[in-house]
Every structure is written in C-alpha cells, then in structure tokens.
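Data block below; observations after.
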Amino acid sequence: QVQLVESGGGLVQAGDSLRLSCAASGRPITIYNMGWFRQAPGKEREFVALLTAGGNTNYGDSVLGRFTASRDDPKNTVFLQMRSLKSEDTAVYYCAASTESSRAPVRYAYWGQGTQVTVSS
C-alpha cells in the first residue's frame with residue numbers, strides 16, 4: 001500500500017498562488033490515479049483534480065483554469081499548483097490514491113492527513 005503526506009498549505013490573500021505537495025512512500029505513484037479533494041467546514045468532500053497513472057488530468061468546474069495537477073516521478077510526489085485563489089477555496093486539501101480513474105472520494109483507498117488552505121478576502 002501507499003502512504004501519503006500533504007504539505008504546503010497556509011494562509012494567503014485572495015489572488016495569491018500556493019503549491020501543495022503530496023509525498024508518497026511505499027509504492028510508486030505511477031501505478032495509481034492520484035486525486036486532490038477538499039473539504040470545507042460543514043460541507044461534503046469535493047473533487048478538485050485528478051492526475052491519472054497515464055498522465056492525463058481532469059479538474060472540478062470550480063478550479064478549472066486556475067489549478068494544475070502534476071507529478072515528479074523520481075521524487076514520488078504529486079503537486080497541486082493553485083493560482084488566483086478565492087475565499088471559497090478555503091478548505092482542508094487532501095491527496096488520495098486509487099486504482100480507478102474516478103472523481104468519487106469513495107473510490108480512493110489511500111488518503112493523506114490533509115493540509116489547511118485559508119484564503120482571506
């Protein structure tokens with residue numbers, strides 16, 4: 001199985017950029033479809049981005065054009081570059097790994113602990 005650890009969250013102002021990292025261990029990320037999700041207080045976990053094992057990407061409507069998912073295979077790490085941040089992007093961000101290419105959180109067996117992103121307006 002794979003272990004995931006997110007980092008890079010913090011407090012930023014609206015319009016700023018931030019890059020989240022998700023370091024994997026135990027298995028190579030190249031065999032997994034890697035998802036980014038977020039959860040704000042009182043809300044359900046929301047799909048943000050998908051980076052498939054084959055290198056394709058897919059994004060949630062609310063972040064399309066602003067967020068970019070990528071990976072560094074030698075470092076076994078995936079990234080989420082976030083630009084033009086808005087207050088509504090405030091949430092705990094999670095990376096997750098799945099053998100399926102899916103936007104549904106229930107399809108992901110492995111999760112990191114999450115990193116808080118707070119965007120002040």
Side-chain angles (χ1 to χ4, degrees):
Q1 61 183 21
V2 63
Q3 294 79 42
L4 305 171
V5 178
E6 301 96 335
S7 61
L11 173 62
V12 297
Q13 293 186 335
D16 284 352
S17 298
L18 200 61
R19 190 178 77 159
L20 305 183
S21 300
C22 173
S25 61
R27 291 281 183 92
I29 56 173
T30 51
I31 68 173
Y32 291 104
N33 299 290
M34 301 298 297
W36 285 98
F37 298 84
R38 65 187 183 187
Q39 189 165 19
K43 295 188 176 181
E44 294 187 352
R45 194 160 293 190
E46 177 190 12
F47 168 76
V48 174
L50 168 65
L51 180 60
T52 70
N56 296 314
T57 54
N58 190 274
Y59 299 95
D61 290 344
S62 61
V63 306
L64 186 63
R66 299 189 297 123
F67 290 13
T68 303
S70 62
R71 73 187 194 208
D72 185 329
D73 292 346
K75 294 185 178 179
N76 215 30
T77 299
V78 294
F79 303 99
L80 185 67
Q81 177 68 52
M82 305 184 294
R83 298 180 178 87
S84 301
L85 283 162
K86 307 174 182 179
S87 58
E88 51 263 45
D89 294 319
T90 295
V92 177
Y93 284 71
Y94 299 89
C95 69
S98 175
T99 56
E100 301 180 47
S101 176
S102 174
R103 292 184 167 208
V106 296
R107 296 303 182 186
Y108 288 75
Y110 307 104
W111 291 83
Q113 83 289 351
T115 186
Q116 176 71 46
V117 172
T118 303
V119 184
S120 63
S121 57

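What you see is a predicted model; the values in this text were computed from it and never measured.
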## Note on the structure
In this structure, CG of Leu20 is separated from CD of Gln81 (nearest 0.5 Å) by 9.0 Å
### Contact summary for Ile29 and Ala24, nearest pair of heavy atoms
CG2-CB, 3.3 Å
### Message
Below 30° counts as parallel, above 60° as perpendicular, anything between as tilted: where do the rings of Phe67 and Tyr93 land?
### Response
tilted
### Message
Is there a path of hydrophobic side-chain contacts, each under 4.5 Å between heavy atoms of I/L/V/M/F/W/Y residues, joining Tyr110 to Leu50?
### Response
no
### Query
Taking the side chain from Ser102 and the backbone from Glu100, do they hold a donor-acceptor pair closer than 3.5 Å?
no
### Task
Would you give the length of the straight line joining atom CG of Asp16 to atom OG of Ser84, rounded to the nearest 0.5 angstrom?
9.5 Å
### Query
With sequence neighbours left out, what residues match Asn58 under side-chain hydrogen bond (donor to acceptor under 3.5 Å, both in side chains)?
Arg103
### Query
If you group Ile, Leu, Val, Met, Phe, Trp and Tyr by side-chain heavy-atom gaps below 4.5 Å, do Val106 and Val48 land in one group?
no
### Message
When you measure from the side chain of Gln113 to the backbone of Val5, do you find a donor-acceptor pair of N or O atoms at a distance under 3.5 Å?
### Response
no
### Task
Only pairs at least two apart or in different chains count here, so list each disulfide (SG to SG under 2.5 Å) that has a residue in residues 76-121.
Cys22-Cys95
## Note on the structure
Rounded to the nearest 0.5 angstrom, the CZ-OH distance for Phe47 and Tyr59 is 9.0 Å
### Summary
Rounding to 0.5 Å, atoms CD (Glu46) and CG (Asp89) come to a distance of 9.0 Å
### Query
Could you give the distance from OG1 (Thr52) to CZ (Arg71), rounded to the nearest 0.5 Å?
7.0 Å
### Task
Heavy atoms only: give me the nearest Ser121-Ser87 pair and the separation to one decimal.
CB-CB, 4.2 Å
### Query
Which atoms form the tightest heavy-atom contact between Gly10 and Leu18, and what is the distance?
N-CD2, 4.0 Å
### Message
Tell me whether Ser98 contacts the main-chain N or O of Arg107 through its side chain, where contact means a donor paired with an acceptor under 3.5 Å.
### Response
yes
#### Entry: Test item: Thr90 side-chain N/O and Val119 main-chain N/O as donor-acceptor pair under 3.5 Å
yes
### Query
How long is the gap from CG on Asn33 to OG1 on Thr99, to the nearest 0.5 Å?
7.5 Å
### Task
Return the minimal non-hydrogen interatomic distance between Ser21 and Thr77, and the atom names on each side.
CB-CG2, 4.2 Å
#### Entry: Note, Gln39 side chain near Pro105 side chain (heavy atom, < 4.5 Å)
no
#### Entry: Thr115 side chain near Ser7 side chain, heavy-atom distance below 4.5 Å
no
### Task
Please work out which of the three classes, parallel, tilted or perpendicular, describes the rings of Trp111 and Phe37, given edges at 30° and 60°.
tilted
### Summary
In short, Ala97 meets Leu4 closest at the heavy-atom pair N-CD1, 3.8 Å
### Query
Can the ring centroids of Tyr94 and Tyr108 be said to lie less than 6.0 angstrom from one another?
no
### Summary
The residue among Val63, Val92, Leu80 that forms side chain to side chain contact (heavy atoms under 4.5 Å, CB included) with Arg38 is Val63
### Closest contact, heavy atoms only, Phe79 versus Trp36
O-NE1, 3.5 Å
